[in-house]
There are 2 protein chains.
Amino acid sequence: MKPAIAQRSFTVAVESPCRLPTSHRPAAVQTSHRRDEEPQGQRQRVGQHAHIFREGDRADRLYQLVDGAVMLYKLLPDGRRQVVELLSAGDVFGLSALPVYDCSSETLVASNVIAYERAAVEQSPELLRRLSAHVHAQLCALHEHAVLLGRKSALERVATFVMHCVPGRGGFDCAGPRCGGDSAVVRLGMTRQEIADYLGLTLETVSRAFSELRRRGIIAIDKQEEVRVHDVCRICQLTGAH
Amino acid sequence: MKPAIAQRSFTVAVESPCRLPTSHRPAAVQTSHRRDEEPQGQRQRVGQHAHIFREGDRADRLYQLVDGAVMLYKLLPDGRRQVVELLSAGDVFGLSALPVYDCSSETLVASNVIAYERAAVEQSPELLRRLSAHVHAQLCALHEHAVLLGRKSALERVATFVMHCVPGRGGFDCAGPRCGGDSAVVRLGMTRQEIADYLGLTLETVSRAFSELRRRGIIAIDKQEEVRVHDVCRICQLTGAH
DNA sequence: CGTTCACTTGACTTGGCTCAATTCAAGTGG
DNA sequence: CCACTTGAATTGAGCCAAGTCAAGTGAACG
């Protein structure tokens, strides 16, 4: 049960560059770029379920997600895992207080990221400013998640997670209980185990919570990864936040 | 059981300025300063157990802790509370993705803070850069805390908390198991309830965990707020991180 | 010297975990 | 096209860690 953290490696799973529309050279170690020292960073395409970096790797670059989805997770020595952030377009990751990364990053789906040299970012005020806005939003999301992990029941956690997946809802800008029987079809994009590791539960408990929601007629599970939410408002009511 | 969040107010509990060594004027609403528009921000002294801002207040300024201790917490509508961050000197708070604060901030002990206008910070690259370093460290601390809340047992949580209180240990720079029977006396500076709200437990469970540590001869509780740690290494072993 | 407030401890309850079996969906190959 | 394999999800049964409720203790203070 010893964790994957032991397999330290410079995991840079760049997808076959032939899919890139730009004239990007298929450089071996992805360090070269069109113009050297460009502060705008370097775009990379990363395949599904690939690690961009691992906990403990040297943290000499940081990343911004252009599109796709990435999860950040940490492992305890005995193998327990906690997904600490779920990232979507615009989010920043790879920041660290130490010279090494504090967590691992893995794509949930094929994604595009921009890589910046850590030193370059500290040099460029404009870049720092642009990234900061996103970092602050992520800070708030982490606060919210701490409430979930520390104080919410299993059902509330899953309800919160489903809300989070509904486009335009569940975030900071969620309009709250603007009821009206609005339904939505939601792609989870994660396995039950990954959801469990995000919500601080076991996969069985997550499964039971979904079943409970189905039993109550609040959701229907179409294709195991696809959830039909009949009434978004009713789920929102179960999150504990209203 | 309805929460204190209902009592919205502009809680700026500035301590009696006569204790200030500087020639700070006892301004009524603390907006004036020696030189207007100073990007360096404005120093304030805040008494113990005072709110600097509350969840939902307009977030037009952000703060850096000079000395003392501050906790940030969030409330659920039914009164459940989660302390989301414990801050010490240098830490930044009051950042938000929205125009209002996402959490409340309360001093644990009398503290000094520097208040910056939110707009001014975005203008000043140097200031932003200086604050960012701390923000990144706090991000890592939040990741660490998510692991605690999501995956650690009650005893592991309390052990982690005690480690966190040992000066120079438990943080990112903790040397790990450099054993050698080093003891330490630790001031908690928080009630059992506050600790519980930080660790996602109840105050009874926190109390039992302390008793268990005492029973095992790992700590001794001198004055209820003061814990004598006989062997830091043994506590560290119980945190789940080693 | 009583009052208060924080903490501790005990008895009981329960939500979520563990372990194990079953179902379901999606290949794979004969 | 169907039997088989494989991996993920669901469901059930039992258990235990942590929560709840209720005393009891002890230090601080007027």
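Chain letters run A, B, ... following the sequence lines, proteins first, then strands; residues in each count from 1. Everything numeric here is computed off the predicted structure, so don't read it as measured data.
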Does OP1 or OP2 of dG16(C) have a side-chain N or O of T202(A) closer than 4.0 Å?
no
Roughly, in whole Å, what's the span from CD in E212(A) to C1' in dG16(C)?
14 Å
From CD of E156(B) across to C1' of dA18(D) the rounded distance in Å is 14 Å
Contacts of K223(A) and A154(A) projected onto DNA chain C by closest heavy atom; the upstream (5') one is A154(A)
With a 3.5 Å distance limit and no angle check, can you tell me whether T107(B) reaches the backbone of V46(B) through a side-chain donor-acceptor pair?
no
For the pair L108(A) and E194(A), evaluate side chain to side chain contact (heavy atoms under 4.5 Å, CB included) and give the outcome as yes or no after the intermediate values.
CA-CA 10 Å; L108(A) 292 168; E194(A) 286 164 345; 3.9 Å; yes
Does the pair K74(B)/E144(A) count as a salt bridge with the N-to-O cut at 4.0 Å?
yes
Do any N or O atoms from the side chain of H230(A) and from the backbone of G217(A) form a donor-acceptor pair under 3.5 angstrom?
yes
In Å, rounded to the nearest 0.5 Å, how long is the span from CG of L72(A) to OG of S104(A)?
9.0 Å
Sugar-phosphate or base contact per nucleotide [nucleotides 4-13 of chain D; S, B, -; heavy atom under 4.0 Å]
-----SBBBB
From CD1 of I195(A) across to P of dG16(C) the rounded distance in Å is 17 Å
Whole angstrom value for the distance that separates P of dA18(D) from CG of L199(B)
12 Å
Under 6.0 Å from the six-membered ring centre of Y73(B) and within 45° of its axis: does the NZ or CZ of R54(B) meet both?
no
Let me know the distance between CG of L155(B) and C1' of dC16(D), rounded to the nearest Å.
15 Å
Whole angstrom is fine here: how far is it from CZ in R157(A) over to P in dG15(C)?
14 Å
From CG of L201(A) over to P of dA17(D), roughly how many Å is that when rounded to an integer?
18 Å
Without decimals, in angstroms, what is the distance between E194(B) CD and dA6(C) P?
10 Å
